[in-house]
Each structure stands twice: as structure tokens, then as C-alpha cells.
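Each chain gets a letter, A, B and so on, in the order the sequences are listed, and its residues count up from 1. Every value quoted in this text rests on a predicted model; they were computed, and no experiment measured them.
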Amino acid sequence: MQIATWNVNSLTVRLPQVLDWLAAHPVDVLALQELKLTDDKFPLAALQAAGYHAAVFGQKTYNGVALLARSPLRDVVRNIPGFDDEQARVIAATIDTPGGALRLVNGYFVNGQAPGSDKFAYKLRWLAALHDWLRTELAQHPRLVLLGDFNVAPEDRDSYDPEGLRGTIHHTPEERAHFQSLLALGMADAYRLFEQPEKSYSWWDYRMLGFQKNRGLRIDHILLSDALRGHASACTIDRAPRKNPQPSDHAPVVVTLAE
DNA sequence: ATGACGGTGTGGCACCGA
């Protein structure tokens, strides 16, 4: 089975591209971030016609996340339980697979703007709350996938300019420590389970020909719990949609699980 | 140090993203 994540930067604008991509890549699960629309504007009929069930947590203008799956989604949770949050950033759900129940946690992690800002403090609090909640989720759901736009470049090799951007947002030691503490719960970065091309990124700035110059960051991730990591057979970033007219600034990441 | 690009909102631009 295949599981993918894609920050679409407005589902209203990107829906045709999402439908095209799903037609070409009929993944079992697609986690979407930055819907930028409310639940009543969610294009449920079009996605159902494409063969997907959906669980949605929308918001006007900013944020908004959804899970699409070929099988029904149950036990849906919106945002981090116990963490008071005005912003729609997390949706979790369970699907049943031949190998057993699979828990999916889709996150649009806080950007954080700049170290020292209020938004950065919110990012660190959010990351800590996610970590604490995931400990209990993993205990209840050993077969768990945490995926989405993490807004963290975990290592220097995940940035086009690790020296020039050292200490800036996405690159700070605090953010990277939080990423490592998620792994320490018993999860693996699926992309790094496999040999990958150098300078692999999942996001490129719209400005300054970022994509054409491959000035990007790898900030969209799929983490597999220890019970799942042995089942992974591939993980790739699909750069093709970034070449579309009116692209999202992010590319989809896809993991293949043998089962 | 700044802005560049793109999306949204009720706009004549500002704000935000990463």
C-alpha cells in the first residue's frame, strides 16, 4: 500500500492538480495540509467520485488538514487533545488494512517565523504537546504513521544552504531536537530508510526561481512506527507537480508499505 | 537588511507562509 502527504497551499486552487495526481498515483492514503478552506467548502463529492473517503478539519484562510483514504476512516481526532489551539493543524484517524489497523496522524506543524518570536514559542509548545500526545497514541496504536508538513529540516543535508541558514527557522537546534524526540518515541524517518539522491527537497520558495535552482528544504516527512518500518519498501518525493502551472510550493512525499 | 511569489480577505493593500 502507498501513503502520501502533500501540502497543497489552498485546496480550492489545487483541487484539479490533486485529482490529476490521484488519477496517476492511486495511493491508499493522502494526507493534505494548508487547505485554507472551511469544512463546508471541502470538495467532498469530487474526492468521493475519485474513490476516496475523507476526514476533514478545515479553517478559513490559514491551516486546515484532511485525510483521504480508499477505505473508511474511523476514530477521528482533531488537533492535539488537551492542547488548546485556535488553529486547525492536526487530524488523526484509523483505517483497517490486511495487516491490521493503521493509525494515521496528519500534521501541519507550526511555521514559527523566526527564533525568539511569539510564533516560535508557540511552535515549541506545539511540538512538545504533539510529542506527549504521540507517546499515548503509539501505546494504543503500535502501527502508526505520523506525516505532514513538519516545517523542520532535520539535518544539514535537508537544506540547500545549511551554513548560510544555520540557526534560522526550520534549522534551529530546538526544532531539530524536537524532531529527534519524535523519532525517540520509536519512529523512523521513512525517507532516510532508503538511499536517496543528494539535495533532495520537498519545498522550494516561489520566489527567486527557487525550484529551478533547487534551492529547497526537506520539511515534509513520513515517520513510521517501529512496528511498520520493516514493511517499508520505498519512499520518494514526487517533484513533478512542482513543475505544473500554478503549483503548490510543496511536493508530495510517498511511502510504499509491503503488505 | 530587504524583497522576490502566491493565496486570502473585503482590498485599493496587508498579512502570512517558509
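Within 4.0 Å (heavy atoms only), A/Asn7 reaches sugar-phosphate atoms of the nucleic acid but no base atom. Here A/Phe150 lies out of heavy-atom contact (under 4.0 Å) with every strand. A/Lys123 comes within 4.0 angstrom of nothing in the nucleic acid, heavy atoms only. Using a 4.0 Å heavy-atom distance criterion, A/Asn151 is classed as a sugar-phosphate-only contact. Among the atoms of the strands shown, none is found under 4.0 Å from any heavy atom of A/Arg215. Nucleic acid contact for A/Ile219: sugar-phosphate only, since backbone atoms but no base atoms lie under 4.0 Å from a heavy atom of the residue. At the heavy-atom level, A/His250 lies under 4.0 Å from the strands shown only through sugar-phosphate atoms.
Here the separation of B/dG17 from B/dA4, taken at their C1' atoms, is 14 Å to the nearest Å. Rounded to the nearest Å, the gap between the P atom of B/dG12 and that of B/dA1 is 29 Å. One C1' atom belongs to B/dT10, the other to B/dC15, and the distance between them is 14 Å to the nearest Å. For the P atoms, the distance from B/dG6 to B/dT2 is 23 Å, rounded to whole Å. Distance noted for atom P between B/dA18 and B/dT8: 14 Å (whole Å).
Judged as a salt bridge (charged side-chain N to carboxylate O under 4.0 Å, His left out), and not counting sequence neighbours, the contacts of A/Arg143 are A/Glu259. With sequence neighbours left out, A/Arg157 forms a side chain to side chain contact (heavy atoms under 4.5 Å, CB included) with A/Glu155, A/Arg192.
Pairs of residues two or more places apart, or lying in two chains, that qualify as side-chain hydrogen bond (donor to acceptor under 3.5 Å, both in side chains) and include a residue from residues 71-80 of chain A are A/Arg74-A/Asp96. Screening residues 134-167 of chain A for ring pair (Phe, Tyr, Trp, His ring centres under 6.0 Å), with sequence neighbours left out, gives A/Phe109-A/Phe150, A/Phe150-A/Phe179, A/Phe150-A/His221.
Within the model, atoms NE2 of A/His131 and CH2 of A/Trp126 stand 13.0 Å from one another, a figure rounded to the nearest 0.5 Å.
Residues A/Phe109 and A/Met208 both approach DNA chain B. Their nearest nucleotides, taken by heavy-atom distance, put A/Met208 toward the 5′ side. Comparing A/Asp149 and A/Tyr206 by the nucleotide of DNA chain B that holds the closest heavy atom to each, the one mapping nearer the 5' end is A/Tyr206.
The outermost nucleotides of DNA chain B lying under 4.0 Å from heavy atoms of chain A, listed 5' to 3', are B/dG3 to B/dA18.
Crowding of A/Asp40 atom CG: a count of heavy atoms from other residues, nucleotides or ligands under 6.0 Å exceeding 12.
Residue A/Leu32 shares its hydrophobic cluster (ILVMFWY side chains chained together at separations under 4.5 Å) with A/Trp6, A/Val8, A/Leu11, A/Leu15, A/Val18, A/Leu19, A/Trp21, A/Leu22, A/Val27, A/Leu30, A/Leu35, A/Leu37, A/Phe42, A/Leu44, A/Leu47, A/Tyr52, A/Val56, A/Leu68, A/Val254.
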